[in-house]
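To start, the structure under review is shown below, and the notes come after it.
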Amino acid sequence: MVANNLDSYFESFINRKSVFIDKHYLQSSYTPDTILHRDEQIKAIANILAPLLKLERPSNLFVYGKTGTGKTVTVRYTTAQVHNVAEKHSRPVKICYLNCKLKKIADTEYRLIAELSRMFGKAIPPTGLPTDEVYNIFFKALNSKEQVVVLVLDEIDQLIKKAGDEILYNLTRINEHLEKAQVAIIGISNDLMFVDNIDPRIKSSLSEEELVFPPYNAIQIQEILNSRKEKAFRKGAIAPGVIEKCAAYAAREHGDARRALDLLRVAGEIADRLGSNRVNIEHIDEAEKKIEGDRIIEIVASYPKQFQVVLYSIFLLKKSHQDPLYTGEIYEVYKQLCKKLAVSPLTQRRISDILAELDMLGLINAKVISKGRYGRTREISLSIPVNTLPKVKEILESSLHI
DNA sequence: GTCAATTCACATGAAAGAGACCACGGTCTAGTG
DNA sequence: CTAGACCGTGGTCTCTTTCATGTGAATTGACGA
């Protein structure tokens with residue numbers, strides 16, 4: 001009897017079809033051939049980049065917009081098109097795309113310039129050289145022949161936040177030192193306020209042109225999902241209402257198309273795993289939970305020990321009472337925990353920063369409040385969904401050997 | 001009761017140190033012809 | 001003679017510490033009605 005069941009299980013496993021045809025159409029790395037609802041922006045970027053083809057320097061461009069509004073895709077698409085045309089007419093045009101958020105690659109001045117130099121075929125060691133040496137190498141590489149170079153700096157706000165705005169100053173003034181080559185910069189930022197915090201001189205030269213990407217609305221997201229659905233899923237693998245629900249979820253999160261695509265993909269994976277031959281609305285809810293849970297688990301597992309100790313201290317405190325926690329309390333528990341674990345405790349100053357970072361990561365909710373006479377502090381609560389809580393705790397305990 | 005001064009418990013900033021990692025050039029050492 | 005091992009120096013980067021300054025409302029206490 002049992003054997004029979006197993007048999008039929010395997011039979012059905014073989015016969016079971018995946019809801020997907022090709023998943024990669026749903027991944028954020030995929031650049032579609034046509035970009036929906038961004039005609040205006042494409043036209044604007046094309047206009048700005050057009051002088052490239054006459055070997056004139058295009059204006060620097062600054063692109064803003066929240067995450068998942070298609071900034072990166074649109075810029076990459078347009079620059080690729082320009083590059084194609086330039087190549088056809090053998091114009092020396094080079095596009096350098098760099099994502100400044102990638103850790104260990106382009107998140108400091110040195111690394112950025114080093115990475116750019118590498119794109120010109122120069123080998124730069126990951127460390128050990130003075131920064132101006134690397135600048136020199138970069139200059140020489142640029143100036144080696146007549147060409148127009150477009151530097152696309154994605155998530156440029158992250159870079160500035162970490163490394164200061166001196167880089168931009170140097171880059172925007174780079175043309176003054178170059179005789180043969182010319183450089184234009186396209187900066188892409190998620191942070192709309194970011195430009196207000198940089199040096200006005202840099203601001204004026206960097207954002208000769210500006211372009212804002214408004215969020216997609218739910219209907220536009222639906223259309224985007226529908227256009228990808230055709231290629232990614234088998235016919236009829238999506239139950240009615242699923243696309244709408246996905247779009248609604250994403251529209252709630254400031255029109256984030258990337259999120260909608262992720263959601264759809266994960267929902268498909270869940271449907272596959274459950275042996276369903278159709279993606280249903282319940283799968284979307286599951287996917288929503290899974291995405292959030294996975295993100296949190298990954299963060300918790302990959303962050304340094306001290307972060308984990310702090311987080312575990314919050315766990316301990318949370319168990320004992322339900323009121324919001326304060327920095328001082330957490331620090332006391334943290335110190336004891338350190339003693340128990342034979343970890344050397346950090347200062348309260350540092351813990352304050354760590355708490356702020358945990359807040360940024362969305363693991364905790366920290367709000368600076370003033371309790372009047374009783375001082376100023378952070379009011380802290382965990383913001384990890386209840387269903388991932390045990391898993392997170394497990395990870396912490398195994399990683400800290402508790 | 002009203003109002004400004006006080007006060008608390010941290011937040012927030014700036015600067016500097018420690019330690020890891022790395023390149024480069026000079027010196028030493030062992031193997032080779 | 002030469003390739004490779006082994007320093008010392010000088011550079012970046014991350015994580016911390018130290019020192020200094022900032023902050024917002026409950027509390028306090030003087031003042032006037």
### Task
Identify which nucleotide among B:dA11, C:dT17, C:dT12 has an atom closest to any side-chain atom of A:Tyr110, counting heavy atoms from C-beta outward.
C:dT12
### Message
Of the listed nucleotides (C:dA26, C:dC13, C:dT16), which one gets closest to any side-chain atom of A:Arg373?
### Response
C:dA26
### Summary
The answer to which of A:Gly372 and A:Val368 contacts DNA chain B further toward the 5' end, by nearest nucleotide, is A:Gly372
### Query
Salt bridge between A:Asp262 and A:Arg258, side-chain N to carboxylate O under 4.0 Å?
no
#### Entry: Closest to side chain of A:Gln306, choosing from C:dT27, C:dT16, C:dT17
C:dT16
### Message
Between A:Ser352 and B:dA11, is there a contact of a side-chain N or O with OP1 or OP2 at under 4.0 Å?
### Response
yes
### Query
Does NZ or CZ of A:Arg38 lie under 6.0 Å from the centre of the six-membered ring of A:Phe213, at an angle within 45° of the ring axis?
no
### Message
Please pick, from B:dC10, C:dT27, C:dT23, the nucleotide with the shortest atom-to-atom distance to any side-chain atom of A:Arg376.
### Response
C:dT23
### Query
Expressed in angstrom and rounded to an integer, what is the separation of A:Met360 atom CE from B:dT12 atom P?
12 Å
### Summary
note: A:Gln348, atom CD; B:dG13, atom P; distance rounded to Å ~ 17 Å
### Message
Expressed as a whole number of angstroms, how long is the span from A:Glu109:CD to C:dT12:P?
### Response
10 Å
### A:Leu325 CG to B:dC10 C1', straight-line distance once rounded to whole Å
15 Å
### Task
Indicate whether OP1 or OP2 belonging to B:dA11 is found under 4.0 Å from a side-chain N or O atom of A:Thr327.
yes
### Message
Nearest whole Å is fine: how far is C:dT18 P from A:Ile351 CD1?
### Response
13 Å
### Message
Below the 4.0 Å mark, does C:dT16 have OP1 or OP2 next to a side-chain nitrogen or oxygen of A:Arg350?
### Response
yes
### Query
In whole angstrom, what separates A:Ile113's CD1 from C:dG11's P?
18 Å
#### Entry: Test salt bridge (Lys or Arg N to Asp or Glu O under 4.0 Å) applied to A:Asp285 - qualifying residues, sequence neighbours left out
A:Lys245
### Query
If you check every side-chain atom of A:Arg349, which of B:dA14, B:dA11, C:dC13 has the closest atom?
B:dA14
### Query
Tell me: CD1 of A:Ile354 to P of B:dC10, nearest whole Å?
16 Å
### Message
Please pick, from B:dC10, C:dG24, C:dA26, the nucleotide with the shortest atom-to-atom distance to any side-chain atom of A:Ser370.
### Response
C:dG24
### Residue-phosphate contact under 4.0 Å: A:Tyr326 side-chain N/O, B:dA9 OP1/OP2
no
### Query
Whole-Å distance between C:dA25 P and A:Glu379 CD?
14 Å
### Task
Indicate whether OP1 or OP2 belonging to B:dT12 is found under 4.0 Å from a side-chain N or O atom of A:Arg378.
yes
### Message
Minimum heavy-atom separation for A:Gly70 and A:Tyr216, please, with both atom names.
### Response
CA-OH, 3.8 Å
### Message
Do A:Leu55 and A:Pro92 have side chains that approach each other closer than 4.5 Å (heavy atoms only, starting at C-beta)?
### Response
yes
